[in-house]
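Below: one structure, written as structure tokens.
All figures in this text were calculated on a predicted structure; none of them were measured in a lab. As a basis for the values below, the full set of heavy atoms in this structure was taken, side chains included, without hydrogen atoms, waters or symmetry mates. Order of listing sets the numbers, starting from 1, for every ligand and every atom in it.
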Amino acid sequence: MSQRFYSTNSPGRFVDTKEAVLRSLPADNGLYMPENIERLGQEFWADWRNLSLADIGVHVSKAIFRESVPADELEKIARESANFPAPLITVKEREHVLELFHGPTLAFKDFGARFMARLMGWLTRDDDGLLTVLVATSGDTGGAVASAFHGVPGTRVVILYPKGKVSGLQEKQLTTLGENITALEIEGTFDDCQRLVKSAFLKREMSEKLNLTSANSINISRLVPQSFYYFEAAKNLPEGVKPTFVIPSGNFGNLTAGLLAEKLGLKVEHFVAATNRNDVVPEYLREGEYRPRPSVATISNAMDVGAPSNFSRMKHIFGAEWESMKARVAGFSYGDKVTRETIRRIKSETGYTLEPHGAVGWLAAEAWRESNPDAHTVVLETAHPSKFLDVMEEELGKGETVIPERLACLADRKKVAIQMEAAEETFHNWLEKFTS
Ligand SMILES: *Cc1c(COP(=O)(O)O)cnc(C)c1O
């Protein structure tokens, strides 16, 4: 059987895998969900604790995409997107951290971006011309997407980033790959970059002619591989122990992937959503009112989201019932000051280094344990500390944070970027020429 996808806003209408993955966003502003999500089969559960992360990925991918992608292709895509480890570290008794930052750009977004890139490459293999992926970035996403698509046949990526507003090493991640990756340094803000990307898609004729697609985080193909590591964490806990997952959240894609893992049959004790001051979801869980609003800047900036895009998927999964979501998902939020204190405290108490996003998660895990002292909490550590070097040096001192070689070596590479004003016409004209 093939998989079909529907929009959360019109559950009776279906599209195929190619449309869901290349369109990313349905025209009705909902988000795509797979029609069939069933418990994984007995052949998986019989021996799942002995499977590797990549093996788990193969089972999960086949359960979601079914026959819409040939099994051998899907297996290749899954293995290449989970070709780095996700170790579970026990920091204190029953207090675990799942390290998701061992990929090429040191962020959990590598899992999703690598899967999406390879799946898009396969889906467009017989199309005329190249697929052009547009992505606006405030830092992390662009790096993961660029690295993921680098060298994928039939694809090219155009990254728009705001001049002077991403960190030095982040900029190098965007501007030093070359080949099928092109960086535009926009004289404006991240919002300008996003506006330019949107404007290209809104010109339907141009967008179809130029074969444009987007790589944003609501793409269903980024969600699926993010469910692999929930199984990976659970299999490394003592047999019979059900994990409580604590997820530092911004757009809530990671948490939604956890809910997907549960739908595929993984036994989970509870989900805990951890946010910084951008606390729209914890507030909703507390009060039952959803009030999206402009984001505020924090030190855990990958979670500075005021209108989380995956919230509509979460609501859909829980049948739009506040009580149902509240029964499965707890929410906590923390400010920068206590987050900084936690980085210092956990380092001195345990020797373990948390970065700002993981520290927000750690605090939420501690809060949860107050009323659930027997819980095995698994905090998802979403990035490597060296990506937030300023904060780490302020809290732990200089020289304490090791920069992994694959990031450090970028410092000597030459930046290549095209300068551009933040004007739609300029961007569209450039894009027409670039793709012709
Ligand atoms: C993107 C990101 C998050 C937030 O993940 P969501 O899936 O958007 O909730 C958290 N931490 C880091 C380091 C990230 O890059």
In terms of atom number and element, which parts of ligand 1 are under 4.0 angstrom from non-hydrogen atoms of [X]?
X: K109; result: 1 (C), 2 (C), 3 (C), 14 (C), 15 (O)
X: N251; result: 6 (P), 8 (O), 9 (O)
X: N254; result: 7 (O)
X: A383; result: 13 (C)
X: D140; result: 15 (O)
X: G253; result: 6 (P), 7 (O), 9 (O)
X: S249; result: 9 (O)

Side-chain donor or acceptor of [X] paired with backbone N/O of [Y] under 3.5 Å:
X: D304; Y: S295; answer: no
X: R23; Y: V15; answer: no
X: S207; Y: A200; answer: no
X: H376; Y: E95; answer: no

Could you tell me the residue and atom name of the protein heavy atom closest to [atom], and the distance to it rounded to 0.1 Å?
atom: atom 4 (C) of ligand 1; value: G250 N, 3.6 Å
atom: atom 11 (N) of ligand 1; value: T382 OG1, 2.8 Å
atom: atom 5 (O) of ligand 1; value: F108 CZ, 3.4 Å

Take every heavy atom of F101, measure it against each atom of ligand 1, and state whether any distance is under 4.0 Å.
no
What about A107: any of its N or O atoms under 3.5 Å from an N or O on ligand 1?
no
F252, any N or O under 3.5 Å of ligand 1 N or O
yes
Taking the six-membered ring of F14 as reference, does the cationic atom of R4 (NZ for Lys, CZ for Arg) lie under 6.0 Å from its centre and within 45° of its axis?
yes
Below 30° counts as parallel, above 60° as perpendicular, anything between as tilted: where do the rings of W45 and W48 land?
perpendicular
I'd like to know if E80 pairs up with R114 as an ion pair, taking the criterion as any Lys NZ or Arg NE/NH1/NH2 lying under 4.0 Å from an Asp or Glu carboxylate oxygen.
no
Of F228, F108, F111, F101, the residue whose pairing with F84 passes ring pair (Phe, Tyr, Trp, His ring centres under 6.0 Å)
F111
Mode of Q226 contact toward ligand 1 - side chain, backbone, both, neither (heavy atoms, under 4.0 Å)
neither
M303 and ligand 1 - part of the residue with a heavy-atom distance under 4.0 Å:
side chain
L174 and side-chain contact (heavy atoms from CB on, under 4.5 Å): which single residue from I159, V157, V135 fits?
I159
Mind listing the closest non-hydrogen atom pair of A82 and L53 along with its distance?
CB-CG, 4.1 Å
